[in-house]
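Structure record follows, encoded as structure tokens.
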Amino acid sequence: MNYYIADTHFGHANIIHLCNRPFQNVDEMDDVLIKNWNSKVTKKDTVYILGDFAFKSKSPLEYLNRLNGKKVVILGNHDTDMRKHPEKYSNIEIYNYLEISDQIKDQTYRLILFHYPLAEWNGFFRNSIHLYGHIHNSVNETKHIMDEIPNAYNVGADVQGFTPRTLNEIIK
């Protein structure tokens, strides 16, 4: 099974205030994110992390190692350690942008995975789907624009219940 999530921001205390997250402190936030992830994702599943996995963290790898499943990271603007030191993450696939396919029942979809929201993408007119993060739960001009674009879905932790979701769950 494939799962998708963005903007977990493990280790980032200020994100609680910035995004009005319902946590008292960073330890509680990190614990809830890990619990939610591991209660849903098995060791056989794949999770596509669409950027900003950890911020202000000395070791994103420590968080990655506590999470179930195969992890595939699409880099975001806060994934500095992964960008600077990819050799530390040899068991993690790391990309700037990725195109994959996923299925719901017997329907196959092309997915465009990128940290940032795009107005158009490869296959835009052929029913492909764009999954993105970066804008969290902000109500701003970008969110309003993206809400009008068909087949584009924000998979940020703030709008997905701090839990990785399947493509079927995201579309619903």
Side-chain angles (χ1 to χ4, degrees), residues 2-42 45-98 100 111-118 130-147 152-167 169-170:
N2 291 335
Y3 292 91
Y4 307 90
I5 193 166
D7 302 307
T8 50
H9 283 260
F10 281 101
H12 185 191
N14 200 37
I15 201 70
I16 296 167
H17 169 72
L18 292 172
C19 292
N20 197 28
R21 290 186 173 186
F23 307 110
Q24 296 297 313
N25 56 55
V26 72
D27 291 329
E28 179 189 3
M29 178 184 75
D30 291 349
D31 288 345
V32 168
L33 284 163
I34 291 166
K35 179 180 164 262
N36 289 355
W37 183 304
N38 288 340
S39 69
K40 188 165 196 169
V41 177
T42 71
D45 295 327
T46 299
V47 181
Y48 293 88
I49 304 162
L50 278 71
D52 290 2
F53 175 74
F55 185 62
K56 305 279 186 182
S57 167
K58 292 180 181 139
S59 181
L61 194 54
E62 288 179 23
Y63 288 109
L64 287 163
N65 289 336
R66 294 176 63 192
L67 299 168
N68 289 343
K70 174 185 173 187
K71 278 75 78 179
V72 179
V73 175
I74 292 81
L75 294 171
N77 52 301
H78 292 300
D79 296 314
T80 309
D81 194 62
M82 290 182 200
R83 187 173 276 107
K84 287 184 178 178
H85 305 287
E87 71 282 356
K88 289 173 28 179
Y89 302 90
S90 59
N91 61 334
I92 308 292
E93 292 181 44
I94 300 175
Y95 302 92
N96 288 306
Y97 167 98
L98 187 62
I100 65 167
L111 302 183
I112 308 306
L113 309 179
F114 192 50
H115 178 63
Y116 303 98
L118 299 169
H130 170 42
L131 302 181
Y132 64 90
H134 188 66
I135 64 172
H136 295 264
N137 55 356
S138 299
V139 179
N140 59 24
E141 191 62 31
T142 303
K143 181 198 180 307
H144 294 303
I145 291 167
M146 294 309 294
D147 285 347
Y153 299 93
N154 181 354
V155 297
D158 300 285
V159 297
Q160 298 293 339
F162 305 100
T163 305
R165 302 290 181 186
T166 65
L167 182 60
E169 290 172 321
I170 292 163

* Asked: Do other residues, nucleotides or ligands put more than 12 heavy atoms under 6.0 Å from the CZ atom of Arg83?
  -> yes
* Could you tell me whether the side chain of Thr46 and the main chain of Asn2 form a donor-acceptor pair under 3.5 Å? => no
* **Backbone N/O of Arg165 and side chain of Glu169: donor-acceptor pair under 3.5 Å** => no
* **Qualifying ring-ring contact (aromatic ring centres under 6.0 Å, His included) pairs with a residue from residues 56-84, counting only residues at least two apart or across chains** => His9-His78, Phe10-Tyr63, Phe55-His78
* **Separation between CG of Leu33 and CD of Glu28, rounded to the nearest 0.5 Å** => 10.5 Å
* Asked: Run the side-chain contact (heavy atoms from CB on, under 4.5 Å) check on Tyr89 and Val73 step by step: do they pass?
  -> CA-CA 10 Å; Tyr89 302 90; Val73 175; over 6 Å; no
* Full working for side-chain contact (heavy atoms from CB on, under 4.5 Å) between Tyr4 and Leu111 -> CA-CA 11 Å; Tyr4 307 90; Leu111 302 183; 3.2 Å; yes
* To do: Answer yes or no: are there more than 12 heavy-atom neighbours, outside Lys35 itself, under 6.0 Å from its atom NZ?
  => no
* Quick one: does Asn68's side chain have a donor or acceptor within less than 3.5 Å of a partner on Val41's backbone? -> yes
* May I ask you to decide if Met29's main-chain N or O and Arg21's side chain share a donor-acceptor pair within less than 3.5 Å? => no
* Could you tell me whether the side chain of Thr142 and the main chain of Asn140 form a donor-acceptor pair under 3.5 Å? => no
* So, Asn137 side chain and Cys19 main chain: donor-acceptor pair closer than 3.5 Å or not? -> yes
* Structure fact -> Rounded to the nearest 0.5 angstrom, the CD1-CD1 distance for Ile5 and Ile49 is 8.5 Å
* Look only at the side chain of Asp45 and the backbone of Thr42, and say whether a donor-acceptor pair between them is shorter than 3.5 Å. => yes
* Asked: Among Ile170, Ile135, Asn154, Asp7, which one satisfies side chain to side chain contact (heavy atoms under 4.5 Å, CB included) with Val159?
  -> Asn154
* Could you walk me through whether Val72 and Ile92 pass the side-chain contact (heavy atoms from CB on, under 4.5 Å) check? -> CA-CA 6 Å; Val72 179; Ile92 308 292; over 6 Å; no
* Which ring-ring contact (aromatic ring centres under 6.0 Å, His included) pairs, counting each pair once, include a residue from residues 15-39, with sequence neighbours left out? -> Phe23-Phe162
* Taking the six-membered ring for Trp and the full ring for Phe, Tyr or His, determine whether the centres of His130 and Tyr132 are under 6.0 Å apart. => yes
* To do: Taking Asp79 for its side chain and Asp52 for its backbone only, find out whether a donor-acceptor pair lies under 3.5 Å.
  => yes
* Asked: In terms of heavy-atom contacts, does CD of Glu93 have more than 12 from other residues, nucleotides or ligands at under 6.0 Å?
  -> yes
* Please check if the side chain of Asn91 supplies one atom and the backbone of Lys71 the other of a donor-acceptor pair under 3.5 Å. => no
